[in-house]
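The structure appears right after this line, and notes come after that.
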Amino acid sequence: MSIDLKSLTIKKAHEDLLAKKYTVLELVNTYLENIKKRDSEIHAYLEVFNDVSAQAKMAQEKIDSGKASILTGIPFAIKDNILIEGKIASASSKMLENYHATYDATVIKKLKDAGAIFLGRTNMDEFAMGGSTENSAFGVTKNPHDVARVAGGSSGGSAAALAMDGCLVALGTDTGGSVRQPASFCGVIGLKPTYGAISRHGLIAMGSSLDQAGPFTKTVGDMETVFDLLAGRDFMDATTISPDTYKKSSIKNSLTIGVPRHAMEKGIDAQVLSNFEESLVRLKKLGHTVVDMILPNIGYALPVYYVLMPAEVSSNLARFDGVKYGLHVDGKNSIEDYFASRAGGFGKETRRRILLGTYVLSSGYYDAYYNKANALRKTITKDFTNAFTKVDVILTPTTPTPAFKIGEKASDPLSMYLEDIFTVTANLTGMPAMSIPSGFAKEGSVSLPLGIQMTAPHGREDVLFALGKDFLGEK
Ligand code: GLN
């Protein structure tokens with residue numbers, strides 16, 4: 001039988017599998033065939049696993065014996081910085097090209113227990129640093145909507161895999177926007193959960209106080225399903241929180257949506273702005289109230305992020321010394337071994353950030369940069385907390401531009417960093433934020449997806465899901 005992958009959701013696939021309309025094997029084979037057809041051009045996957053049929057068989061047994069959960073047999077794509085025992089986890093770096101994970105990340109363990117299928121591992125910017133997947137050591141991922149353009153990053157492979165119907169759900173990680181930005185570029189939904197909502201155990205760390213795993217889905221209902229499974233305390237990650245850590249009031253039918261217009265005055269693409277205005281009109285028609293609001297220190301968010309993140313990167317990446325993990329290049333003595341291994345293993349952007357981070361953490365500059373940025377991070381978080389006494393959700397575009405051309409920003413790191421202007425705040429404050437598709441920009445004959453980003457207070461993913469469903473007309 002033929003399965004229409006375009007319209008497939010977790011809920012529908014689950015019902016179909018229970019009703020025996022098709023088997024898990026038929027479902028995964030349909031995806032594998034589509035990957036074969038499309039991925040030689042898109043390059044979303046670094047590897048498609050060779051044990052997918054065996055995984056499907058186990059999932060089918062669960063279904064046949066009445067032990068299925070809603071995710072049993074559901075095909076996932078996994079970003080290459082999330083450990084799956086026995087599989088390579090390279091973080092798209094030469095450093096870890098042949099590194100096999102020795103254990104499952106907590107998110108993977110939870111999905112395995114639920115009977116989910118892992119189709120393969122997806123391309124990304126090296127160690128999750130970047131916004132275009134161009135920093136991968138293994139080639140760029142192309143945008144399924146226009147192959148001359150980037151899919152976004154750093155989780156570009158995961159977003160593209162979903163957008164080309166190369167999986168039904170994908171997992172990524174988000175340190176400064178790496179789930180939401182590629183979701184927006186590829187026309188799918190991406191969530192950065194509340195810091196600590198989902199365990200980081202088994203994720204290759206970038207900036208530990210900012211990192212969160214986040215799903216990509218086609219519907220908000222699917223997002224809720226995956227989030228509910230992945231969320232929760234984990235003994236292996238002391239920063240995790242339980243779902244009832246933050247108080248939850250009931251969700252009103254009519255929400256107050258705050259718009260920090262003052263943050264959208266410069267450098268935003270005209271089509272992004274007009275689509276954003278149309279989205280506000282749509283939200284008002286649905287009965288929500290839209291108000292202007294001020295986030296006094298939001299202008300510092302990007303510089304603060306680009307001080308704190310490299311600082312954490314430089315310390316997290318110190319473990320890749322050519323001895324403990326991955327690539328080893330021989331020098332004349334052990335010091336030379338370190339130099340040769342790190343120079344041979346890390347790409348340009350990774351080295352740039354290690355240098356920046358080492359600089360801001362060095363004794364002469366620690367107070368001037370790192371401590372200042374940390375103080376400002378608290379101030380920015382306070383601004384958001386204050387704002388949420390008056391509004392339920394804060395809305396911005398997800399990105400200042402639609403997907404850009406491959407190569408367009410590659411030689412200008414600053415213009416690349418500016419792409420993160422709306423997304424980094426959620427990582428700095430630890431608040432949850434979700435990007436949902438809001439329409440298209442026209443570039444000649446191609447339509448490029450656009451997204452809006454909603455941010456809610458800590459622990460209020462439920463508000464994002466309610467508003468997201470309303471906006472997209474989901475029941
Ligand atoms: N684009 C941002 C950066 O380059 C975000 C990365 C991420 O979220 N992993 O740092």
Side-chain angles (χ1 to χ4, degrees), residues 78-82 91-93 122-136 140-141 150-159 170-186 190-193 195 198 200 203-216 301-314 316-317 346-357 360 373 377 398-401 403-404 408-410 412-435 451 453 455:
I78 306 293
K79 189 176 181 181
D80 195 31
N81 60 351
I82 302 176
S92 282
S93 178
T122 54
N123 198 16
M124 55 184 280
D125 286 297
E126 185 178 22
F127 286 105
M129 293 182 238
S132 66
T133 319
E134 290 167 292
N135 297 334
S136 167
V140 66
T141 295
V150 302
S154 64
S155 316
S158 289
L171 280 194
T173 59
D174 189 313
T175 303
S178 279
V179 167
R180 290 158 287 154
Q181 185 253 31
S184 175
F185 281 8
C186 291
L191 172 72
K192 197 291 285 182
Y195 185 73
I198 295 182
R200 288 179 293 113
L203 267 49
I204 297 177
M206 177 180 162
S208 304
S209 78
L210 306 155
D211 295 343
Q212 271 291 287
F216 292 90
L302 202 61
V304 164
Y305 171 78
Y306 274 96
V307 170
L308 296 179
M309 172 274 298
E312 295 189 20
V313 161
S314 73
N316 270 325
L317 267 53
F346 290 139
K348 200 168 166 195
E349 181 64 21
T350 303
R351 277 181 278 160
R352 179 183 290 125
R353 296 199 192 192
I354 291 172
L355 284 175
L356 272 173
V360 301
R377 179 182 190 174
T398 308
T399 59
T401 67
F404 45 88
E408 191 179 322
K409 294 179 196 277
D412 182 1
L414 276 186
S415 79
M416 189 76 91
Y417 298 169
L418 281 170
E419 280 292 316
D420 306 329
I421 187 126
F422 296 125
T423 48
V424 294
T425 48
N427 304 79
L428 291 173
T429 63
M431 289 165 183
M434 185 166 75
S435 175
Q453 171 183 250
T455 306

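Atoms considered below: every heavy atom in the structure, side chains included; atoms not considered: hydrogens, waters and symmetry mates. Position 1 is the first residue of the sequence; numbering continues from there. Whatever order the structure lists ligands and atoms in, that order sets their numbers, starting from 1. Everything numeric here is computed off the predicted structure, so don't read it as measured data.
- Set against the non-hydrogen atoms of Y306, the atoms of ligand 1 under 4.0 Å away are 2 (C), 3 (C), 4 (O), 10 (O).
- Residue-ligand proximity, A128 to ligand 1, at heavy-atom distances under 4.0 Å covers atoms 6 (C), 7 (C), 9 (N).
- Within ligand 1, the atoms closer than 4.0 Å to a non-hydrogen atom of D174 are 8 (O), numbered from 1 in the order shown.
- Remark: ligand 1 and M206 share no N or O pair separated by less than 3.5 Å (distance only, no angle test).
- Where the criterion is an N or O separation shorter than 3.5 Å, residue side chain and backbone included, T173 fails it with respect to ligand 1.
- Without hydrogens or angle criteria, K192 side chain to A426 main chain gives a donor-acceptor distance under 3.5 Å.
- Between G130 and ligand 1, an N or O atom pair is found at a separation short of 3.5 Å.
- Ring geometry for F127 versus F346: interplanar angle over 60°, hence perpendicular rather than tilted (30 to 60°).
- Between E126 and the options S154, S93, S136, a side chain to side chain donor-acceptor pair (under 3.5 Å) holds for only S93.
- The contact set between ligand 1 and G176, taken as ligand atoms under 4.0 Å from a residue heavy atom, comprises 5 (C), 7 (C), 8 (O).
- Annotation: atom 2 (C) of ligand 1 to nearest protein heavy atom, D420 OD2, 3.1 Å.
- Residues Y305 and Y417 place their aromatic rings such that the two centres sit no closer than 6.0 Å.
- Contact atoms of ligand 1 toward S154: 9 (N) (distance under 4.0 Å to a heavy atom of the residue).
- Scanning E349, R353, M309 for the heavy atom closest to atom 4 (O) of ligand 1 points to R353.
- In this model, a donor atom of one side chain and an acceptor atom of the other lie less than 3.5 Å apart for S158 and T122.
- Each of T401, T399, T398 was scored for a side chain to side chain donor-acceptor pair (under 3.5 Å) with E419, with one residue passing: T401.
- At a cut-off of 3.5 Å, with distance as the only test, no side-chain donor of T133 or T141 sits close to an acceptor on the other residue.
- For atom 7 (C) of ligand 1, the closest non-hydrogen atom of the protein is S178 OG, 2.3 Å.
- A side-chain donor from one of D211 and T175 sits under 3.5 Å from a side-chain acceptor of the other.
- Put simply, part of Y305 is less than 4.0 Å from ligand 1, judged by heavy atoms.
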